[in-house]
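Right, one structure below, let's go through it.
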Amino acid sequence: MRAMATEKILVLIKPDGVRRNLTGEVFARIERKGYVLENLAWQEPDRDKLAQHYAEHSGKPFYPGLLDYMSSGPIVAAVFSGEEVIAGVRSLCGATDPTVAAPGTIRGDFGRNWGSGRLENIVHASDSPESAEREISIWFA
Ligand code: UDP
Ligand code: MG
């Protein structure tokens, strides 16, 4: 029997997460659940790279604010691997809106509405194997 290719996910510590010194906390939660850190890089992406990353949201009302938010400071990018790592890490992250994300999740425990008019939620996690592959090639070219 052939082993299935281990799934991978791109995780970003967004500028608010880095600014608030939550990088280690977020990665610790992912590592403690058992996923394996495969790659790691501190980055200051230009607008072009962010536009590529968030191409699916281009044209939505929140898109310009999202790019402003994502370019407001450094980002830490990482790749983790493991069986069903995408479902597992997205579950650790919690719902997109940190105000109502469940307690115990990263966004629920550390995020809130800061009155910026933007949805600042500390962490990005790929939502499918296809997006993971696409996003990993953007951040780890
Ligand atoms: N976002 C926003 N307003 C919205 C929806 C999303 O500002 O109404 C931002 C938020 O930072 C979110 C990102 O856009 O994390 C990507 O949105 P998506 O729906 O893919 O959520 P995620 O996969 O990050 O939970
Ligand atoms: Mg998404």
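Just so it is clear, the values below take in all heavy atoms, side chains as well, and ignore hydrogens, waters and symmetry mates. In each ligand, atom 1 is the first atom listed, and ligand 1 is the first ligand listed.
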Acceptor/donor pairs from residues 87-102 side chains to any protein atom, 3.5 angstrom cut, sequence neighbours excluded:
{"from": "R90", "atom 1": "NH1", "to": "A125", "atom 2": "O", "distance (Å)": "2.8"}
{"from": "D97", "atom 1": "OD1", "to": "T99", "atom 2": "N", "distance (Å)": "3.0"}

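- D127 CG to L10 CG: the interatomic distance, rounded to the nearest 0.5 Å, is 11.5 Å.
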Problem set entry | E120 and S116: CA distance, side-chain angles, deciding distance, side chain to side chain donor-acceptor pair (under 3.5 Å) verdict | CA-CA 8 Å; E120 299 176 39; S116 65; 2.7 Å; yes

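- Within the 4.5 Å cutoff, the side chain of I9 has no heavy atoms near those of the Y35 side chain.
- Of the possible polar contacts, none joining the E83 side chain to the E7 backbone as a donor-acceptor pair under 3.5 Å is found.
- Side-chain contact between F27 and V76 is present, with at least one heavy-atom pair separated by less than 4.5 Å.
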Which N or O atoms of ligand 1 sit under 3.5 Å from a protein N or O, and how far apart is each pair?
{"from": "ligand 1", "atom 1": "11 (O)", "to": "K14", "atom 2": "NZ", "distance (Å)": "3.1"}
{"from": "ligand 1", "atom 1": "11 (O)", "to": "L119", "atom 2": "O", "distance (Å)": "3.1"}
{"from": "ligand 1", "atom 1": "15 (O)", "to": "K14", "atom 2": "NZ", "distance (Å)": "2.9"}
{"from": "ligand 1", "atom 1": "15 (O)", "to": "N121", "atom 2": "ND2", "distance (Å)": "2.8"}
{"from": "ligand 1", "atom 1": "17 (O)", "to": "H57", "atom 2": "NE2", "distance (Å)": "3.4"}
{"from": "ligand 1", "atom 1": "20 (O)", "to": "H57", "atom 2": "NE2", "distance (Å)": "3.0"}
{"from": "ligand 1", "atom 1": "21 (O)", "to": "T96", "atom 2": "OG1", "distance (Å)": "3.3"}
{"from": "ligand 1", "atom 1": "23 (O)", "to": "R90", "atom 2": "NH1", "distance (Å)": "3.2"}
{"from": "ligand 1", "atom 1": "23 (O)", "to": "R90", "atom 2": "NH2", "distance (Å)": "3.3"}
{"from": "ligand 1", "atom 1": "24 (O)", "to": "R107", "atom 2": "NH2", "distance (Å)": "3.1"}
{"from": "ligand 1", "atom 1": "25 (O)", "to": "T96", "atom 2": "OG1", "distance (Å)": "2.6"}
{"from": "ligand 1", "atom 1": "25 (O)", "to": "R107", "atom 2": "NH1", "distance (Å)": "3.1"}

